[in-house]
Amino acid sequence: MRYWQPKYETMKREELAQLQSKRLKKTAASVYENVAFYRDKFRQLGIGPDDIRSVEYISKLPMTRKTDLRDNYPFGLFAVPKKDVIRIHASSGTSGKPTVVGYTKNDIENWSDLMARNLTMVGLDNDDVFQNAVNYGLFTGGLGFHYGVERIGAMTVPSGTGNTCRQLEMMMDFGVTAMHCTPSYALYLAETAREMDIVDKLSLRVGCFGAEPWSSNTRKQLENALDIKAYDSYGLSELMGPGVAFECEEQDGLHIWSDHFFVEVLDENGEQVAEGEKGELVLTSLSKEALPIIRYRTGDITRLLESECSCGRTTPRISRLLGRADDMLIVRGINVFPSQIENVIVRIPEVTEHFQVILDRNAKMLDEITVKVELEENAFTGELKDLAAVRRHVQNELKSVLNIRTNVELAEKGTIPRTEGKSKKVIDRRNAL
Ligand code: DLL
């Protein structure tokens, strides 16, 4: 087994708890001293950093939400002077101000190390050629991966996004063995590679995909289409960017680097759920200098897996992300996650894996949900002989999972927009005038 930092990756639980306690105390002291927002919160709760004897005390500390970063835009939560910040990133923010995050030199060092751990964990080294097909701007995915790839000494191809045919040409010409992009863009790349009939000219063996939810069926699809092993990469700007949690070659949950992040999975009342139960991922940074974050409510739903992984790493793991608390659609009182729809669609051979969910309100003010899917070129060669049969089949499959009747719209292949970054799968027109 190859590790990047074996000392930390295979730490015994007691040893890890000691390290976490030490780092939590330091983090709490830093935010108390340097960030008015946290000092006020700690004071309101009648606690100070000296009360923290061990990491278990964390459940008494205040939570941080995305709105707190927005309210303190741009640098209000930074715990170091501006001269010590060597880089910022920002998350796009679909509404209101974006959230800005900052890094000291040490933060960038740690981030690069964590990314190097991840890439080593999926079997990459300096013999690999790595194409990083994501945006290199304020989005953390570009530079975050780039520094990790350089750290393991692989040859970096910083292709960025766009021009899908050119991306594929680079893969062929440079002998690219590993790549990173969003899973939705990977599907598009795979589709284009098939159309150009070049899949067998690619040397790809590893794909790292993340930054948005994707299902295990999409994984299978990508692995088959590109003849690779596809790994899930989870992260968020507020905590660092990509690299917070990553799958190993076992593909059995994502290792979360708990020497740098303390993991909680909480129910609606803020109580820790039992191992294996669904809850919201709440993360505390244990080593960040520029922007330490205490108990950040990620909004992402997952399960905590504490059992040891056969890869030998002793970190806790989380299940693949099951959606976001705020991604959940409520349609006629029923909870619907876009990931459930994705899981159904990718199993139906008559339609492609691209879909959109459109929500409307009808004349009786009732919600209507329409799932738009694309018909495959050879859709009628199997048991389903015409459009009506395909539509009915998709509708029935969706009903059996969602417990709600959906309208199904069949579109021509290629008509649902493909994206280079995070895809927009839901169009909610219910409150439109
Ligand atoms: O998306 C960081 C990243 C870049 C992760 C590249 C992985 C690869 P943000 O733009 O701040 O940061 O968005 C973070 O994206 O809270 C999740 O809701 C979602 N997300 C990220 N990774 C996954 C994943 C980057 N593997 C938000 N599965 C997070 C599901 C994911 N959702």
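Atoms within a ligand are numbered from 1 in the order they appear, just like the ligands themselves.
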Practice task
Quickly, which of V336, I341, N407 forms a side chain to side chain contact (heavy atoms under 4.5 Å, CB included) with L398? Name it, please.
Solution key: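 Of all the options given, the one that passes is I341.
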
Under 3.5 Å between any N/O of [X] and any N/O of ligand 1: does that happen in this structure?
X: W214; value: no
X: R324; value: yes
X: S91; value: no
X: T298; value: no

Exercise for the section: Run through Y147, F261, W257, Y103 and flag the one making a ring-ring contact (aromatic ring centres under 6.0 Å, His included) with W111. Expected result: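 The residue from Y147, F261, W257, Y103 that satisfies ring-ring contact (aromatic ring centres under 6.0 Å, His included) with W111 turns out to be Y103.
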
Problem - Close-contact set for ligand 1 against L321 heavy atoms, below 4.0 Å - result: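 Answer for ligand 1: 28 (N), 30 (C).
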
Which bit of [X] gets closer than 4.0 Å to ligand 1, counting heavy atoms only: side chain, backbone, both or neither?
X: T140; result: side chain
X: F209; result: neither
X: E212; result: backbone

Handout entry: Ring geometry between F130 and H180 (parallel below 30°, tilted from 30 to 60°, perpendicular above 60°)
Key =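 It falls in the tilted class, 30° to 60°.
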
Problem - Salt-bridge contact D259-R117 (side-chain N to carboxylate O under 4.0 Å) - result: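 Here D259 pairs with R117 in a salt bridge, since their nearest N and O are under 4.0 Å apart.
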
Exercise for the section: To the nearest 0.5 Å, tell me how far E277 CD sits from Q272 CD. Expected result: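 Output value for this atom pair is 11.5 Å.
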
Would you tell me whether [X] and [Y] have side-chain atoms, one donor and one acceptor, within less than 3.5 Å of each other?
X: Y38; Y: T64; answer: yes
X: H89; Y: T140; answer: no
X: Q356; Y: E374; answer: no

Practice task
Identify which of D300, L283, V101, I301 has a heavy atom lying nearest to atom 17 (C) of ligand 1.
Solution key: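 That would be D300.
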
Problem - For atom 14 (C) of ligand 1, the option (of P213, S215, G235, A211) bearing the nearest heavy atom - result: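 Minimum heavy-atom distance to atom 14 (C) of ligand 1 goes to G235.
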
Practice task
State if H180 counts as touching ligand 1 under the rule of any non-hydrogen atom under 4.0 Å.
Solution key: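 The answer is yes, since H180 has a heavy atom less than 4.0 Å from ligand 1.
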
